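For reference, the structure is listed below as C-alpha coordinates.
Sequence lines set the chain letters: A, B, ... in the order given, protein chains first and strands last, and positions in each chain run from 1. Here the structure is a predicted model, which means the values were calculated and not measured.
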Amino acid sequence: MKRPIHLALLFLPLLLALSGCYKDKTDVAAWTNNPFDRDYTGPSVFSVDTTYIEVINAPPTVITRQVVQFHVNSSLFLANTAYQVRVRDLDNGQTTLMSQFTPGTDTWRFTKLDFTIGQELCLEVRLSNDLSDGRPDTICATLQ
Amino acid sequence: MLAWAYALMGTSAQAQGTGTLRFLVDPGNNYSFVLDGKYRMQEREMKLLEGPHTFTFWAPTRMMVDTVLRVLPDRTTDVLLRLPYSPEFVAYQNELAQVKKEQWVGRVLPSVVTLGTGIWAAISFVNYKDAHEQLQADEDLYNSSASPNQIERLKSTDLPAHQEDFKQARTTFAISGGLFVASAAFTTWSIIKASRKPMPTFEDKEKVKFDGLVWVPDRRGGTWAMGLTIPIR
(Lines give C-alpha, C1' and ligand atoms only; values in the text may rest on other atoms or scores of the structure.)
Protein backbone atom coordinates (compact mmCIF):
# COMPACT_ATOMS: atom_id res chain seq x y z
CA MET A 1 0.00 0.00 0.00
CA LYS A 2 2.94 2.35 -0.51
CA ARG A 3 1.83 3.34 -4.00
CA PRO A 4 -1.09 5.58 -2.94
CA ILE A 5 1.25 7.47 -0.65
CA HIS A 6 3.62 7.94 -3.55
CA LEU A 7 0.75 9.15 -5.69
CA ALA A 8 -0.20 11.63 -3.00
CA LEU A 9 3.39 12.78 -2.76
CA LEU A 10 3.19 13.66 -6.45
CA PHE A 11 0.52 16.21 -5.59
CA LEU A 12 2.52 17.73 -2.75
CA PRO A 13 5.12 19.59 -4.85
CA LEU A 14 2.28 20.93 -6.98
CA LEU A 15 0.46 22.11 -3.87
CA LEU A 16 3.61 23.68 -2.44
CA ALA A 17 4.38 25.35 -5.77
CA LEU A 18 0.88 26.77 -6.00
CA SER A 19 1.02 27.90 -2.37
CA GLY A 20 4.24 29.74 -3.05
CA CYS A 21 2.98 31.19 -6.30
CA TYR A 22 1.67 34.36 -4.74
CA LYS A 23 3.19 36.30 -1.91
CA ASP A 24 2.18 39.46 -0.19
CA LYS A 25 5.08 41.71 -1.10
CA THR A 26 3.23 44.88 -0.26
CA ASP A 27 4.95 46.93 2.42
CA VAL A 28 2.65 49.79 3.18
CA ALA A 29 5.35 51.49 5.28
CA ALA A 30 7.44 51.80 2.12
CA TRP A 31 4.63 53.46 0.21
CA THR A 32 5.86 57.03 0.66
CA ASN A 33 6.90 57.96 -2.85
CA ASN A 34 3.65 59.42 -4.12
CA PRO A 35 3.76 63.25 -3.74
CA PHE A 36 -0.03 63.23 -3.20
CA ASP A 37 0.44 60.97 -0.18
CA ARG A 38 0.35 62.74 3.18
CA ASP A 39 3.16 60.41 4.23
CA TYR A 40 5.33 61.44 1.28
CA THR A 41 9.00 61.45 2.22
CA GLY A 42 10.64 62.23 -1.08
CA PRO A 43 12.32 65.43 -2.18
CA SER A 44 10.37 68.68 -2.01
CA VAL A 45 7.82 69.14 -4.75
CA PHE A 46 7.71 72.94 -4.45
CA SER A 47 10.45 75.45 -5.11
CA VAL A 48 10.36 79.27 -5.24
CA ASP A 49 11.24 80.75 -8.56
CA THR A 50 11.07 84.45 -7.72
CA THR A 51 9.02 87.18 -6.06
CA TYR A 52 8.31 90.59 -7.46
CA ILE A 53 5.88 93.51 -7.44
CA GLU A 54 3.26 93.53 -10.15
CA VAL A 55 1.49 96.74 -11.13
CA ILE A 56 -1.87 96.41 -12.87
CA ASN A 57 -3.32 99.49 -14.48
CA ALA A 58 -7.08 99.19 -14.24
CA PRO A 59 -8.48 102.67 -14.70
CA PRO A 60 -9.44 104.52 -12.66
CA THR A 61 -7.29 102.53 -10.18
CA VAL A 62 -3.84 101.10 -10.20
CA ILE A 63 -3.33 97.79 -8.36
CA THR A 64 0.04 97.00 -6.89
CA ARG A 65 0.60 93.49 -5.51
CA GLN A 66 3.35 91.06 -4.61
CA VAL A 67 3.71 87.97 -6.74
CA VAL A 68 5.38 84.83 -5.44
CA GLN A 69 6.16 82.62 -8.38
CA PHE A 70 6.88 79.02 -7.52
CA HIS A 71 7.35 75.76 -9.38
CA VAL A 72 5.94 72.27 -8.89
CA ASN A 73 8.30 69.47 -9.76
CA SER A 74 5.77 67.25 -11.51
CA SER A 75 8.49 64.84 -12.59
CA LEU A 76 8.19 63.44 -9.08
CA PHE A 77 4.60 62.38 -9.76
CA LEU A 78 4.15 58.65 -10.23
CA ALA A 79 1.65 59.25 -13.04
CA ASN A 80 0.88 62.13 -15.28
CA THR A 81 -2.12 63.94 -13.76
CA ALA A 82 -3.85 67.27 -13.34
CA TYR A 83 -3.72 68.82 -9.88
CA GLN A 84 -4.41 71.88 -7.78
CA VAL A 85 -2.38 73.65 -5.13
CA ARG A 86 -3.74 74.88 -1.83
CA VAL A 87 -1.79 77.85 -0.48
CA ARG A 88 -2.01 79.22 3.05
CA ASP A 89 -0.48 82.58 3.73
CA LEU A 90 1.35 82.07 7.01
CA ASP A 91 1.38 85.86 7.51
CA ASN A 92 -2.41 86.24 7.71
CA GLY A 93 -3.66 82.64 7.69
CA GLN A 94 -5.74 83.01 4.55
CA THR A 95 -6.10 79.92 2.38
CA THR A 96 -6.46 79.87 -1.36
CA LEU A 97 -7.13 76.90 -3.67
CA MET A 98 -5.37 77.62 -6.91
CA SER A 99 -5.86 75.99 -10.25
CA GLN A 100 -3.29 75.77 -12.96
CA PHE A 101 -3.06 79.17 -14.60
CA THR A 102 -2.02 77.57 -17.81
CA PRO A 103 -2.91 73.89 -18.06
CA GLY A 104 0.12 71.72 -18.61
CA THR A 105 2.55 74.10 -16.97
CA ASP A 106 3.98 73.67 -13.49
CA THR A 107 4.63 77.34 -12.79
CA TRP A 108 2.32 78.93 -10.24
CA ARG A 109 1.81 82.49 -9.09
CA PHE A 110 0.52 83.58 -5.70
CA THR A 111 -0.43 87.24 -5.29
CA LYS A 112 -0.72 89.31 -2.14
CA LEU A 113 -2.04 92.85 -1.92
CA ASP A 114 -0.82 93.87 1.54
CA PHE A 115 2.90 93.34 1.36
CA THR A 116 5.95 94.84 2.93
CA ILE A 117 9.21 95.20 1.10
CA GLY A 118 12.06 93.41 2.82
CA GLN A 119 9.76 91.16 4.88
CA GLU A 120 9.96 87.41 4.28
CA LEU A 121 6.68 85.91 3.13
CA CYS A 122 6.17 82.22 3.90
CA LEU A 123 3.51 80.09 2.31
CA GLU A 124 2.30 76.65 3.26
CA VAL A 125 1.67 74.82 0.00
CA ARG A 126 0.04 71.44 -0.62
CA LEU A 127 -0.86 69.44 -3.67
CA SER A 128 -4.62 69.10 -3.81
CA ASN A 129 -7.23 67.04 -5.65
CA ASP A 130 -10.77 65.86 -4.96
CA LEU A 131 -11.14 68.41 -2.13
CA SER A 132 -8.31 66.79 -0.19
CA ASP A 133 -4.78 67.96 0.40
CA GLY A 134 -1.42 66.27 0.51
CA ARG A 135 1.59 66.83 2.70
CA PRO A 136 2.25 70.52 3.54
CA ASP A 137 5.48 72.14 2.44
CA THR A 138 6.68 75.62 3.29
CA ILE A 139 8.25 77.97 0.84
CA CYS A 140 9.48 81.45 1.65
CA ALA A 141 10.45 84.48 -0.41
CA THR A 142 11.63 87.95 0.52
CA LEU A 143 10.65 90.94 -1.54
CA GLN A 144 13.68 93.18 -2.08
CA MET B 1 -37.03 -39.14 -22.69
CA LEU B 2 -40.73 -39.84 -22.32
CA ALA B 3 -40.52 -42.90 -24.53
CA TRP B 4 -37.63 -44.16 -22.48
CA ALA B 5 -39.59 -43.65 -19.28
CA TYR B 6 -42.61 -45.35 -20.70
CA ALA B 7 -40.50 -48.31 -21.76
CA LEU B 8 -39.29 -48.72 -18.21
CA MET B 9 -42.79 -48.47 -16.85
CA GLY B 10 -44.48 -50.27 -19.70
CA THR B 11 -45.63 -53.62 -18.36
CA SER B 12 -47.97 -52.44 -15.64
CA ALA B 13 -49.21 -49.52 -17.72
CA GLN B 14 -51.30 -51.82 -19.85
CA ALA B 15 -53.50 -52.76 -16.91
CA GLN B 16 -53.92 -49.29 -15.45
CA GLY B 17 -55.24 -45.98 -16.77
CA THR B 18 -52.98 -43.04 -17.39
CA GLY B 19 -53.22 -39.39 -16.51
CA THR B 20 -51.30 -36.26 -17.37
CA LEU B 21 -49.40 -33.96 -15.08
CA ARG B 22 -48.66 -30.42 -16.26
CA PHE B 23 -45.92 -28.73 -14.28
CA LEU B 24 -46.07 -25.02 -13.59
CA VAL B 25 -42.86 -24.61 -11.68
CA ASP B 26 -41.00 -21.52 -10.61
CA PRO B 27 -38.35 -21.22 -12.05
CA GLY B 28 -39.89 -22.38 -15.26
CA ASN B 29 -36.86 -22.61 -17.52
CA ASN B 30 -34.30 -24.81 -15.85
CA TYR B 31 -35.87 -27.03 -13.25
CA SER B 32 -35.35 -30.80 -13.16
CA PHE B 33 -37.05 -33.55 -11.24
CA VAL B 34 -36.52 -37.17 -10.33
CA LEU B 35 -39.51 -39.40 -10.78
CA ASP B 36 -40.10 -42.20 -8.33
CA GLY B 37 -36.49 -42.01 -7.18
CA LYS B 38 -35.22 -43.38 -10.50
CA TYR B 39 -35.58 -41.16 -13.53
CA ARG B 40 -34.20 -37.66 -13.87
CA MET B 41 -36.20 -35.56 -16.29
CA GLN B 42 -36.85 -32.07 -17.56
CA GLU B 43 -40.45 -32.10 -18.77
CA ARG B 44 -43.27 -29.64 -18.57
CA GLU B 45 -45.95 -32.23 -19.11
CA MET B 46 -45.95 -36.02 -18.89
CA LYS B 47 -48.29 -38.96 -18.95
CA LEU B 48 -48.03 -41.41 -16.10
CA LEU B 49 -49.83 -44.39 -14.75
CA GLU B 50 -52.57 -43.52 -12.37
CA GLY B 51 -51.76 -43.56 -8.71
CA PRO B 52 -49.18 -41.89 -6.47
CA HIS B 53 -45.73 -40.99 -7.74
CA THR B 54 -42.85 -39.44 -5.83
CA PHE B 55 -41.19 -36.40 -7.32
CA THR B 56 -38.04 -34.58 -6.28
CA PHE B 57 -37.86 -31.16 -7.93
CA TRP B 58 -34.77 -29.01 -8.11
CA ALA B 59 -33.43 -26.01 -10.00
CA PRO B 60 -30.11 -24.17 -9.82
CA THR B 61 -29.92 -21.92 -6.73
CA ARG B 62 -33.13 -23.55 -5.38
CA MET B 63 -33.78 -26.17 -2.72
CA MET B 64 -34.89 -29.66 -3.53
CA VAL B 65 -38.56 -30.31 -2.91
CA ASP B 66 -39.84 -33.82 -2.39
CA THR B 67 -43.52 -34.45 -2.99
CA VAL B 68 -45.96 -37.19 -3.86
CA LEU B 69 -48.38 -36.49 -6.71
CA ARG B 70 -51.41 -38.63 -7.39
CA VAL B 71 -52.12 -39.12 -11.06
CA LEU B 72 -55.81 -39.31 -11.89
CA PRO B 73 -56.81 -41.44 -14.90
CA ASP B 74 -57.81 -39.63 -18.10
CA ARG B 75 -57.30 -36.25 -16.54
CA THR B 76 -54.72 -33.47 -16.82
CA THR B 77 -53.64 -32.10 -13.48
CA ASP B 78 -51.78 -28.82 -13.09
CA VAL B 79 -48.99 -28.88 -10.54
CA LEU B 80 -48.16 -25.44 -9.21
CA LEU B 81 -44.86 -25.33 -7.40
CA ARG B 82 -42.43 -22.64 -6.36
CA LEU B 83 -38.98 -23.91 -5.45
CA PRO B 84 -37.57 -21.92 -2.55
CA TYR B 85 -34.08 -20.49 -2.76
CA SER B 86 -31.42 -22.54 -1.04
CA PRO B 87 -29.93 -21.12 2.19
CA GLU B 88 -26.49 -21.18 0.57
CA PHE B 89 -27.75 -19.04 -2.29
CA VAL B 90 -29.45 -16.61 0.08
CA ALA B 91 -26.23 -16.39 2.09
CA TYR B 92 -24.27 -15.91 -1.14
CA GLN B 93 -26.62 -13.16 -2.26
CA ASN B 94 -26.28 -11.42 1.10
CA GLU B 95 -22.51 -11.74 1.04
CA LEU B 96 -22.39 -10.48 -2.55
CA ALA B 97 -24.60 -7.52 -1.66
CA GLN B 98 -22.37 -6.79 1.33
CA VAL B 99 -19.21 -6.92 -0.81
CA LYS B 100 -20.79 -4.68 -3.45
CA LYS B 101 -21.87 -2.25 -0.75
CA GLU B 102 -18.34 -2.25 0.68
CA GLN B 103 -16.95 -1.64 -2.80
CA TRP B 104 -19.38 1.22 -3.31
CA VAL B 105 -18.47 2.72 0.02
CA GLY B 106 -14.78 2.10 -0.65
CA ARG B 107 -14.82 3.62 -4.14
CA VAL B 108 -17.65 6.05 -4.64
CA LEU B 109 -17.72 7.71 -1.24
CA PRO B 110 -13.99 8.60 -1.12
CA SER B 111 -14.17 9.65 -4.78
CA VAL B 112 -17.02 12.02 -4.00
CA VAL B 113 -15.11 13.40 -1.03
CA THR B 114 -12.01 13.81 -3.21
CA LEU B 115 -14.04 15.52 -5.89
CA GLY B 116 -15.55 17.83 -3.27
CA THR B 117 -12.20 18.72 -1.72
CA GLY B 118 -10.77 19.13 -5.23
CA ILE B 119 -13.49 21.62 -6.13
CA TRP B 120 -12.98 23.39 -2.82
CA ALA B 121 -9.22 23.54 -3.43
CA ALA B 122 -9.77 24.90 -6.95
CA ILE B 123 -12.16 27.58 -5.69
CA SER B 124 -9.76 28.41 -2.85
CA PHE B 125 -6.93 28.77 -5.34
CA VAL B 126 -8.99 31.13 -7.48
CA ASN B 127 -9.80 33.19 -4.37
CA TYR B 128 -6.14 33.12 -3.37
CA LYS B 129 -5.16 34.33 -6.85
CA ASP B 130 -7.86 37.01 -6.82
CA ALA B 131 -6.72 38.22 -3.40
CA HIS B 132 -3.17 38.53 -4.71
CA GLU B 133 -4.37 40.40 -7.78
CA GLN B 134 -6.28 42.76 -5.48
CA LEU B 135 -3.04 43.56 -3.67
CA GLN B 136 -1.39 44.28 -6.99
CA ALA B 137 -4.35 46.46 -7.96
CA ASP B 138 -3.93 48.37 -4.69
CA GLU B 139 -0.28 48.97 -5.45
CA ASP B 140 -1.15 50.11 -8.97
CA LEU B 141 -3.78 52.43 -7.54
CA TYR B 142 -1.24 53.96 -5.15
CA ASN B 143 1.16 54.52 -8.03
CA SER B 144 -1.47 56.17 -10.19
CA SER B 145 -3.64 58.02 -7.70
CA ALA B 146 -3.54 61.81 -7.42
CA SER B 147 -6.12 62.01 -4.68
CA PRO B 148 -4.76 62.41 -1.15
CA ASN B 149 -8.03 61.19 0.36
CA GLN B 150 -8.08 58.09 -1.83
CA ILE B 151 -4.46 57.33 -0.90
CA GLU B 152 -5.24 57.82 2.79
CA ARG B 153 -8.25 55.48 2.60
CA LEU B 154 -6.25 52.94 0.60
CA LYS B 155 -3.40 52.83 3.10
CA SER B 156 -5.40 52.95 6.29
CA THR B 157 -8.45 50.84 5.44
CA ASP B 158 -8.51 49.08 2.10
CA LEU B 159 -5.00 47.67 1.91
CA PRO B 160 -4.98 46.18 5.45
CA ALA B 161 -8.35 44.57 4.73
CA HIS B 162 -7.07 43.18 1.44
CA GLN B 163 -3.91 41.90 3.11
CA GLU B 164 -6.05 40.10 5.68
CA ASP B 165 -8.17 38.66 2.86
CA PHE B 166 -5.03 37.44 1.12
CA LYS B 167 -3.73 35.83 4.29
CA GLN B 168 -7.05 34.09 4.87
CA ALA B 169 -7.28 32.95 1.24
CA ARG B 170 -3.79 31.49 1.41
CA THR B 171 -4.60 29.61 4.61
CA THR B 172 -7.85 28.31 3.14
CA PHE B 173 -6.05 27.14 0.02
CA ALA B 174 -3.37 25.39 2.09
CA ILE B 175 -6.03 23.59 4.15
CA SER B 176 -8.21 22.65 1.17
CA GLY B 177 -5.18 21.58 -0.87
CA GLY B 178 -3.90 19.44 1.97
CA LEU B 179 -7.30 17.83 2.41
CA PHE B 180 -7.48 17.20 -1.32
CA VAL B 181 -4.09 15.48 -1.35
CA ALA B 182 -5.01 13.41 1.70
CA SER B 183 -8.38 12.40 0.31
CA ALA B 184 -6.86 11.60 -3.09
CA ALA B 185 -4.34 9.29 -1.41
CA PHE B 186 -7.06 7.69 0.70
CA THR B 187 -9.30 7.24 -2.34
CA THR B 188 -6.52 5.56 -4.32
CA TRP B 189 -5.75 3.29 -1.39
CA SER B 190 -9.42 2.52 -0.88
CA ILE B 191 -10.02 1.68 -4.54
CA ILE B 192 -6.99 -0.60 -4.67
CA LYS B 193 -8.08 -2.27 -1.46
CA ALA B 194 -11.63 -2.74 -2.73
CA SER B 195 -10.46 -4.18 -6.05
CA ARG B 196 -8.24 -6.71 -4.28
CA LYS B 197 -11.01 -8.07 -2.11
CA PRO B 198 -12.14 -11.46 -3.53
CA MET B 199 -15.72 -11.78 -4.69
CA PRO B 200 -17.81 -14.43 -2.95
CA THR B 201 -18.49 -17.64 -4.87
CA PHE B 202 -21.60 -19.72 -4.85
CA GLU B 203 -21.39 -23.47 -4.35
CA ASP B 204 -24.68 -25.14 -5.14
CA LYS B 205 -24.79 -27.92 -2.54
CA GLU B 206 -28.37 -28.74 -3.46
CA LYS B 207 -27.17 -29.59 -6.97
CA VAL B 208 -24.65 -32.04 -5.55
CA LYS B 209 -27.37 -33.67 -3.51
CA PHE B 210 -29.77 -33.73 -6.43
CA ASP B 211 -27.17 -35.17 -8.80
CA GLY B 212 -26.48 -37.88 -6.24
CA LEU B 213 -30.04 -39.10 -6.30
CA VAL B 214 -29.94 -40.88 -9.64
CA TRP B 215 -27.71 -42.27 -12.28
CA VAL B 216 -27.29 -39.78 -15.10
CA PRO B 217 -26.65 -41.25 -18.57
CA ASP B 218 -24.41 -39.38 -20.95
CA ARG B 219 -23.03 -39.96 -24.47
CA ARG B 220 -20.22 -42.22 -23.30
CA GLY B 221 -22.56 -44.54 -21.50
CA GLY B 222 -23.17 -42.93 -18.16
CA THR B 223 -21.74 -42.06 -14.82
CA TRP B 224 -22.75 -42.16 -11.18
CA ALA B 225 -23.23 -38.88 -9.40
CA MET B 226 -23.39 -38.65 -5.65
CA GLY B 227 -22.91 -36.18 -2.86
CA LEU B 228 -20.78 -36.78 0.18
CA THR B 229 -20.44 -34.58 3.19
CA ILE B 230 -17.67 -35.19 5.70
CA PRO B 231 -17.90 -33.05 8.80
CA ILE B 232 -14.40 -32.04 9.87
CA ARG B 233 -14.07 -30.94 13.47
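- Chain B forms the most heavy-atom pairs under 4.5 Å with one residue out of A:Thr81, A:Leu131, A:Asp133, and that residue is A:Asp133.
- Ring orientation note: the planes of B:Phe125 and A:Tyr22 are tilted relative to one another, at an angle of 30° to 60°.
- The CD atom of B:Gln136 sits 8.5 Å away from atom NZ of A:Lys25, with the distance rounded to the nearest 0.5 Å.
- For the residue pair A:Gly134 and B:Pro148, the shortest heavy atom distance occurs at N-CG, 3.6 Å.
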- Message: Quick one, A:Arg38 with B:Asn149, criterion side-chain contact (heavy atoms from CB on, under 4.5 Å). Give me CA distance, side-chain angles, the key distance, then yes/no.
- Response: CA-CA 9 Å; A:Arg38 294 183 184 118; B:Asn149 267 355; 2.9 Å; yes
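- Looking at A:Lys23, only its backbone comes within 4.5 Å of chain B, counting heavy atoms on both sides.
- Within the 3.5 Å criterion, the main-chain N or O of A:Asp39 finds no donor-acceptor partner in the side chain of B:Lys155.
- Per-residue counts of heavy-atom pairs under 4.5 Å with chain A were compared for B:Gln163, B:Glu152, B:Arg170; the largest is that of B:Gln163.
- Contact annotation for B:Lys129: both backbone and side-chain heavy atoms come within less than 4.5 Å of a heavy atom of chain A.
- Residue contact with chain A, scored on non-hydrogen atoms closer than 4.5 Å, involves the backbone and the side chain of B:Leu135 alike.
- For the atom pair CG (A:Asp27) and CG (B:Leu159), the distance works out to 9.5 Å, reported to the nearest 0.5 Å.
- Within 6.0 Å of CG in A:Asn80 there are 12 or fewer heavy atoms belonging to other residues, nucleotides or ligands.
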- Take A:Asn34 and B:Ile151 through the side-chain contact (heavy atoms from CB on, under 4.5 Å) test and state the conclusion after the steps. CA-CA 9 Å; A:Asn34 189 332; B:Ile151 291 173; 3.4 Å; yes
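- Under the side chain to side chain contact (heavy atoms under 4.5 Å, CB included) rule, B:Tyr142 has a single partner from A:Val28, A:Thr26, A:Asp37, which is A:Asp37.
- Counting only distance, with no hydrogens or angles, the side chain of A:Tyr83 and the backbone of B:Ala146 share no donor-acceptor pair below 3.5 Å.
- Nearest heavy-atom pair across A:Ala79 and B:Ser144 is CB-CA, 3.9 Å.
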- Query: Taking it one step at a time, do B:Leu154 and A:Trp31 satisfy side-chain contact (heavy atoms from CB on, under 4.5 Å)?
  - Reply: CA-CA 11 Å; B:Leu154 175 67; A:Trp31 287 10; 4.2 Å; yes
